[in-house]
Amino acid sequence: MVFSKRLKQWYLQNKRDLPWRSTQDPYKIWLSEIIMQQTRVEQGLPYYLRFTEAYPNVHALADAPEQEVLKLWQGLGYYSRARNLHTTAIRVSKELEGNFPDHYKELKTLKGIGDYTASAIASFCFNEPVAVVDGNVYRVLSRIFGVETPINSTSGIKEFKALAQELIDHKDPATFNQAIMEFGAIQCKPQNPLCDTCPFNDVCLALKNNQIKELPVKIKKTKIRHRYFNYLVPHFRGEQTILEERTGKGIWSGLYQFPLVETNKPVGEAELIDTENFQELVGDQNFELDIYNENEVVHKLSHQHLHTTFWTVNIDAESLESINFNDLKDYPVPVLIENFLNEFLPEDYK
DNA sequence: AAACCGGGGTG
DNA sequence: CACCCAGGTTT
């Protein structure tokens with residue numbers, strides 16, 4: 001039997017019921033795809049529901065302040081996705097009369113839409129026969145066809161795209177694309193795939209050659225960078241504090257945090273008081289500095305471990321640029337800061 | 001081609 | 001602890 005036919009039969013019997021599977025609205029499809037990038041369905045689903053509730057169409061999203069969008073995105077990670085989402089919403093709403101492009105090639109010109117997402121939207125919404133290649137597809141194809149080319153090499157990316165494109169069902173590209181990803185997620189899982197009940201276990205080369213654990217091949221990842229964060233948590237008279245926006249291209253761009261002193265190694269109270277940031281914060285005002293967590297919090301990102309100490313700085317003065325504890329909830333913050341606030345803030349302010 | 005960008009689940 | 005997740009952009 002033809003690959004696509006066998007796959008489709010499996011899909012119709014095993015697919016999950018997901019909200020974005022029951023629409024062809026490009027806005028909803030686009031939103032779901034951006035949210036799901038590098039994200040498991042169980043983690044992204046509640047965000048999708050909140051976004052569609054808050055912004056039922058592209059115009060509503062375009063008209064929202066970026067800070068509000070980032071706040072809704074808080075906790076999902078890869079925050080450039082949220083900023084690109086907002087940028088593209090504005091573009092579609094204001095320049096394209098609310099209509100998404102209806103072809104792969106034009107879709108790819110939009111911020112945050114790469115090869116995978118353009119293929120997904122073009123096929124799901126407009127029946128264009130372009131194959132999606134996500135992590136699931138790499139795994140399924142490398143195993144069934146025994147492809148050992150690294151999936152994150154330039155040649156591998158081209159090879160797998162071409163293979164998927166050869167296999168796609170031109171009569172129903174949308175279902176084919178949904179099916180191959182769902183198959184990877186449910187049946188041909190990364191660990192302990194369900195080969196016993198697999199509809200391809202008679203032809204799968206990885207199974208035949210005992211290569212299931214070896215495929216797909218992936219080139220090794222980069223090393224972990226260790227950073228040492230000291231957050232100064234100001235506490236002014238009248239329950240007020242200070243947040244600063246992170247800018248530039250590093251982690252958490254667009255999110256807010258307390259004034260930060262970053263060092264190359266753990267630092268004590270004496271050295272901390274000596275830093276420029278600290279002196280700028282307190283000026284000549286009276287203050288009381290207390291370490292909040294004796295054991296550093298190690299916040300782990302994909303490529304960085306952030307060894308973090310929070311210091312409370314009680315300042316016996318009013319402040320002009322400060323934020324009331326009550327208003328902190330309106331600011332998008334990294335999970336690291338959110339966790340601290342949940343522990344530090346009195347119940348009334350959450 | 002390689003680096004960078006989060007947070008959480010799994011075995 | 002290593003690896004993975006409906007990837008994309010920048011250098």
Side-chain angles (χ1 to χ4, degrees), chain A residues 15-16 18-21 28-48 70 73-85 87-88 107-121 123-124 131-140 150-158 160-161 164 174 176-186 188-193 213-225 227 246 248-255 298-306 332-339:
Chain A
K15 65 174 179 171
R16 292 167 291 183
L18 300 172
W20 48 88
R21 291 234 171 101
K28 300 270 184 62
I29 298 295
W30 163 69
L31 179 60
S32 74
E33 295 302 340
I34 302 298
I35 288 176
M36 294 308 155
Q37 288 169 5
Q38 293 293 283
T39 303
R40 284 165 302 101
V41 167
E42 309 85 78
Q43 187 185 3
L45 181 55
Y47 285 83
Y48 174 80
L70 281 168
W73 197 272
Q74 182 179 304
L76 249 194
Y78 287 154
Y79 296 94
S80 65
R81 287 186 292 167
R83 297 194 309 275
N84 289 337
L85 183 82
T87 299
T88 290
L107 284 163
K108 257 188 63 163
T109 67
L110 299 174
K111 279 271 191 328
I113 298 185
D115 189 275
Y116 164 78
T117 305
S119 303
I121 298 173
S123 61
F124 298 162
V132 296
V133 184
D134 73 335
N136 294 304
V137 177
Y138 282 122
R139 187 169 54 256
V140 170
I151 61 174
N152 54 347
S153 65
T154 303
S155 62
I157 291 168
K158 287 178 60 179
F160 282 98
K161 177 81 178 182
F176 177 88
N177 280 341
Q178 295 275 12
I180 193 168
M181 290 192 286
E182 189 76 337
F183 180 76
I186 293 178
C188 195
K189 301 181 295 177
Q191 292 147 327
N192 306 321
K213 286 190 160 170
E214 273 57 52
L215 295 175
V217 176
K218 197 170 180 178
I219 300 169
K220 59 99 184 98
K221 58 177 180 357
T222 60
K223 305 163 284 285
I224 300 278
R225 174 160 78 129
R227 306 174 69 177
R246 286 185 70 96
K249 282 172 295 185
I251 58 171
W252 301 335
S253 187
L255 274 60
V298 184
H299 189 74
K300 296 177 178 177
L301 308 181
S302 298
H303 303 290
Q304 301 183 27
H305 284 1
L306 309 176
V333 297
V335 166
L336 174 62
I337 301 295
E338 179 70 7
N339 289 345

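Chain letters run A, B, ... following the sequence lines, proteins first and then strands; every chain starts at 1. Remember, it's a predicted structure, so these values are computed and weren't measured experimentally.
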Indicate for each nucleotide in nucleotides 4-11 of chain B, in 5' to 3' sequence, whether protein heavy atoms under 4.0 Å reach the base (B), only the sugar-phosphate (S), or nothing (-). -BBBBS-S

If we take the C1' atom in both C:dC5 and B:dC5, what is their distance in whole Å? 15 Å

Of A:Asn84 and A:Arg21, whose nearest nucleotide on DNA chain C comes first from the 5' end? A:Arg21

Can you name the side chain to side chain contact (heavy atoms under 4.5 Å, CB included) partners of A:Val298, sequence neighbours left out? A:Glu296, A:Lys300, A:His305, A:His307

P atoms of B:dG8 and C:dG8, separation to the nearest Å: 22 Å

Run the numbers on A:Trp252 and A:Tyr79 for ring pair (Phe, Tyr, Trp, His ring centres under 6.0 Å), then give the verdict. CA-CA 6 Å; A:Trp252 301 335; A:Tyr79 296 94; 8.0 Å; no

Nearest-angstrom distance from the residue atom CD of A:Glu33 to P of C:dG8: 9 Å

If you measure from the P atom in B:dA3 to the same atom in C:dA6, how many Å do you get, rounded? 25 Å

Paired runs of 3 or more consecutive Watson-Crick or G-U pairs involving DNA chain C, with both pairing distances under 3.5 Å, are B:1-5 with C:7-11, B:7-11 with C:1-5

Can you tell me the distance, in whole Å, between the CH2 atom of A:Trp30 and the P atom of C:dG8? 14 Å

Rounded off to whole Å, could you give me the CG-to-C1' distance for the A:Leu215 and C:dC4 pair? 16 Å

Within this structure, what is the OH-to-P distance between A:Tyr116 and C:dT9, rounded to whole angstrom? 14 Å

Using whole Å, report how far CG of A:Asn177 lies from P of C:dG7. 13 Å

Is the distance from the ring center of A:Tyr47 to that of A:Trp73 below 6.0 Å? no

Check the distance between C:dG7's C1' and A:Arg139's CZ and give it to me in whole angstrom. 15 Å

Work out which heavy atom in A:Ala118 is nearest to a heavy atom in A:Lys108; give both atom names and the distance. CB-CG, 3.4 Å

